[in-house]
Trainee: 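What follows is a single structure, and I will ask about it in a moment.
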Amino acid sequence: MQPDANEPLTAEPASEEIIAPLPRITLQAFCETPTVAATMQTAVADRRMDKAHARVQMGGPAAAVEAFRAAPTPNIIVLETVSDPATLISHLEALSESCDAGTKVVVIGHVNDVQLYRDLIRRGVSEYLIAPLDTLDVLRTLSELYVAPEARNLGRVIAVMGAKGGVGASTIAHNISWAIARNLDASTVIVDLDIAYGTAGLNFNQDPPQGIAEAVFAPERLDSALLDRLLSRCSDNLALLAAPAVLDRTIDLGEDALEQLLDLLRASVPCIVLDVPHQWSHWVKRTLLGADEIVIVAEPELASLRNAKNLVDLSRSARPNDSVARLVLNKVGMPKRPEINANEFAKALGVEVLCSIPFDAQLFGTAANNGQMIAEVQAAGKAAEAFTQIASALTGRGEAKRSRRSLLEPIVAKLKRRKAS
């Protein structure tokens, strides 16, 4: 059953596990069974492998030995074996004669043999997996080959986008960020990606001299130190990467324009909320589909329904190993406006409504004009409660009591400390 306009839904929490995207590497897999080959094909098509150049073929270790007799080896070789341990070791010894320095080898076997595992590790094999295995097993193993143990607690990226202009997606994104930082006590960065018209600076009553433009228009200069300077502190646990909101240049970004920025943020802060503009370009599509969680904000009317369905269908097809996009209905119960019932809206999209937020022009208008969050204007209201529930569902965190310490270290200081460590 779907909630009515005044009853936000307590949704399924997000998974705690975040698998890091792989860097720009080359990978070749040599399989011996159709099942493992299919799993590898699914893994290399995953969003986390976007930067990797991968190829899956049959033939197992014997085919790998032949393939690399006179050819350079890739960064990762994945070998499936159904042979006995002695034959596998023989193939690995032959392969080692042509392996380039730095090549990592992952073996997928069908025998749970501790002694074999130890022999393989001693011979330099990076990991031994036991079939059957699923796509996330493969992605997790490949990712961990390139992520240092101390850096595996990666930040969660949440992308918030409106199904159409004017549905309040930016307001939702900003208030979710506030709830995560204040109510769940998690260091958070809100990134305003609407470079020409972004409102995050206004909504947080900030006017920083620098922001997102310096990060995306000169990526060759971007590093942790520059990122620290670009962040504007909104509260103890919340920082803003603001949009300049000026029209001095057009916003013609490359498809991978945000990659370096997001990599730095992932490694430095537990939660990143992206305020994604309502437009469609290569960089918007890549950023949206590359997030750990997607939130689609819609109004209960026909245009929002059509556009939200397109976005949900895209997320399903492009992200088969991730949770489907979340749906937030905003401005529910607007006087004199015919609306699509939340149950019908959700049924058409095939997803649950994460939360329905009632229309309240006085509350939201006051917050916007004062540069405040909803919880600052009406802390005990249903809208503030809804944002906390959304934040909990997206982060997998329960609501935490706020510490009574007079000051917490600001987000910029946390970024600097993590960089130094």
Trainee: Indicate yes or no: at least one non-hydrogen side-chain atom of L240 is less than 4.5 angstrom from one of L231.
Mentor: no

Trainee: Do we see a donor-acceptor contact under 3.5 Å between the side chains of E301 and S304?
Mentor: yes

Trainee: Quick one: pull up CG in L247 and CD1 in I195 and give me the separation to the nearest 0.5 Å.
Mentor: 12.0 Å

Trainee: Just checking R122: does its CZ atom have more than 12 heavy atoms from other residues, nucleotides or ligands closer to it than 6.0 angstrom?
Mentor: yes

Trainee: Within the 4.5 Å heavy-atom criterion, are L95 and P61 side-chain neighbours or not?
Mentor: no

Trainee: How close do I158 and C271 get, counting heavy atoms only, and between which atoms?
Mentor: CD1-SG, 3.9 Å

Trainee: Can a side-chain donor-acceptor contact be found between T87 and D84 if the only test is distance below 3.5 angstrom?
Mentor: yes

Trainee: How long is the span from the CG atom in L354 to the CG atom in L329, to the nearest 0.5 Å?
Mentor: 10.0 Å

Trainee: Out of V191, V295, I190, which residue meets the side-chain contact (heavy atoms from CB on, under 4.5 Å) rule with V273?
Mentor: I190

Trainee: Go through it in stages, so that I can follow the logic: the residues are K347 and E352, the test is salt bridge (Lys or Arg N to Asp or Glu O under 4.0 Å), and I'd like the CA-CA distance, side-chain angles, deciding distance and then a yes or no.
Mentor: CA-CA 8 Å; K347 184 178 179 180; E352 288 189 338; over 6 Å; no

Trainee: As an exercise, state the distance from CG of L265 to CG of L274, rounded to the nearest 0.5 Å.
Mentor: 8.5 Å

Trainee: Within 45° of the ring axis of Y146 and under 6.0 Å from its six-membered ring centre, is that where the NZ or CZ of K104 lies?
Mentor: yes

Trainee: For N237 and A181, indicate whether the former's side chain and the latter's backbone hold a donor-acceptor pair under 3.5 Å.
Mentor: yes

Trainee: Would you say the side chain of E80 lies within less than 4.5 Å of the side chain of H110, judging by non-hydrogen atoms?
Mentor: yes

Trainee: Shortest non-hydrogen contact from I251 to A196?
Mentor: CG1-CB, 4.4 Å

Trainee: Is there a donor-acceptor contact under 3.5 Å from the side chain of H278 to the main chain of G162?
Mentor: yes

Trainee: Under 4.5 Å between any side-chain heavy atoms of V328 and I390, yes or no?
Mentor: yes

Trainee: Please lay out, stage by stage, how R182 and D185 fare under the test salt bridge (Lys or Arg N to Asp or Glu O under 4.0 Å).
Mentor: CA-CA 5 Å; R182 186 175 183 84; D185 203 23; over 6 Å; no

Trainee: Step by step, would you call I76 with T26 a side chain to side chain contact (heavy atoms under 4.5 Å, CB included)?
Mentor: CA-CA 6 Å; I76 302 176; T26 54; over 6 Å; no

Trainee: Atom CG in L311, atom CG in L327: separation rounded to 0.5 Å?
Mentor: 10.5 Å

Trainee: Please check this pair: side chain of E293 against backbone of T395, looking for a donor-acceptor N/O pair closer than 3.5 Å.
Mentor: no

Trainee: Quick one: closest heavy-atom pair of S187 and P270, and the distance?
Mentor: O-CD, 3.4 Å

Trainee: Under the criterion side chain to side chain contact (heavy atoms under 4.5 Å, CB included), I'd like the reasoning laid out for V78 against I108: C-alpha separation, chi angles, the key distance, then a yes or no.
Mentor: CA-CA 7 Å; V78 179; I108 300 174; 3.7 Å; yes

Trainee: Assess whether salt bridge (Lys or Arg N to Asp or Glu O under 4.0 Å) is satisfied between K309 and D313, documenting all intermediate values.
Mentor: CA-CA 6 Å; K309 183 171 182 2; D313 289 347; 2.9 Å; yes

Trainee: Under 3.5 Å, is there a donor-acceptor pair between the side chain of E376 and the main chain of M373?
Mentor: yes

Trainee: Salt bridge (Lys or Arg N to Asp or Glu O under 4.0 Å), that's the test. Do R48 and D322 meet it? Break it down for me.
Mentor: CA-CA 11 Å; R48 301 165 187 85; D322 293 272; 2.9 Å; yes

Trainee: Y117 vs Y128 aromatic rings, parallel, tilted or perpendicular, using cut-offs 30° and 60°?
Mentor: tilted

Trainee: Is the backbone of A186 close enough, under 3.5 Å, to the side chain of T188 for a donor and an acceptor to pair up by distance?
Mentor: yes

Trainee: Is the side chain of T287 donor-acceptor paired with the backbone N or O of W283 at a distance under 3.5 Å, no angle test?
Mentor: yes

Trainee: With a 4.0 Å cut-off, would you call D263 and R266 a salt bridge?
Mentor: no

Trainee: Of the non-hydrogen atoms in R316 and V351, which two are nearest, and what is the gap between them?
Mentor: NH2-CG1, 3.5 Å

Trainee: If you apply the rule side chain to side chain contact (heavy atoms under 4.5 Å, CB included), what do you find for V216 with L253, and how did you get there?
Mentor: CA-CA 8 Å; V216 299; L253 301 179; 4.2 Å; yes

Trainee: May I ask you to decide whether E93 forms a salt bridge with R123, counting only side-chain N to carboxylate O separations under 4.0 Å?
Mentor: yes

Trainee: What distance do D100 atom CG and T103 atom OG1 have between them, rounded to the nearest 0.5 Å?
Mentor: 5.0 Å

Trainee: For Q206 and S232, does a side-chain donor sit closer than 3.5 Å to a side-chain acceptor?
Mentor: yes

Trainee: Between N205 and G371 (side chain of the first, backbone of the second, donor and acceptor by atom type, cut-off under 3.5 Å), is there such a pair?
Mentor: no

Trainee: Around D134, counting heavy atoms of other residues, nucleotides and ligands shown, do more than 12 lie under 6.0 Å from its CG?
Mentor: yes

Trainee: Which atom pair, heavy atoms only, marks the closest approach of I212 to D192?
Mentor: CG2-O, 3.5 Å

Trainee: Should the heavy atoms of other residues, nucleotides or ligands under 6.0 Å from NZ of K285 be counted, would the total exceed 12?
Mentor: no

Trainee: Give the intermediate values and the outcome of side chain to side chain contact (heavy atoms under 4.5 Å, CB included) for residues I172 and I357.
Mentor: CA-CA 10 Å; I172 301 296; I357 301 176; 3.5 Å; yes

Trainee: When you compare the side chain of L27 with that of P74, does any pair of heavy atoms fall below 4.5 Å?
Mentor: no

Trainee: Determine whether a donor-acceptor pair (N or O, by modelled atom type, separation under 3.5 Å) exists between the side chain of D113 and the backbone of L116.
Mentor: yes

Trainee: Measuring from T81:OG1 to L88:CG, what's the distance to the nearest 0.5 Å?
Mentor: 4.5 Å

Trainee: Salt bridge between E127 and R140, side-chain N to carboxylate O under 4.0 Å?
Mentor: no

Trainee: Kindly indicate whether the side chain of L264, heavy atoms from C-beta on, has any atom under 4.5 Å from the side chain of S224.
Mentor: yes

Trainee: Any side-chain heavy-atom pair from Q57 and R55 closer than 4.5 angstrom?
Mentor: yes

Trainee: Taking all heavy atoms of V167 and all of E299, pick out the closest pair and write down the distance.
Mentor: CA-OE2, 3.5 Å

Trainee: Angle class for the F68/F30 ring planes (parallel below 30°, perpendicular above 60°, tilted otherwise)?
Mentor: perpendicular

Trainee: Can you spot which of L289, L314, D46 makes a side-chain contact (heavy atoms from CB on, under 4.5 Å) with R319?
Mentor: L289

Trainee: Quick check on Y197: does its OH atom have over 12 non-hydrogen neighbours (other residues, nucleotides or ligands) under 6.0 Å away?
Mentor: no

Trainee: Is a donor on one side and an acceptor on the other found under 3.5 Å between the side chain of N175 and the backbone of I374?
Mentor: yes

Trainee: Does any N or O in the side chain of R326 come within less than 3.5 Å of the main-chain N or O of I294, such that one atom is a donor and the other an acceptor?
Mentor: no

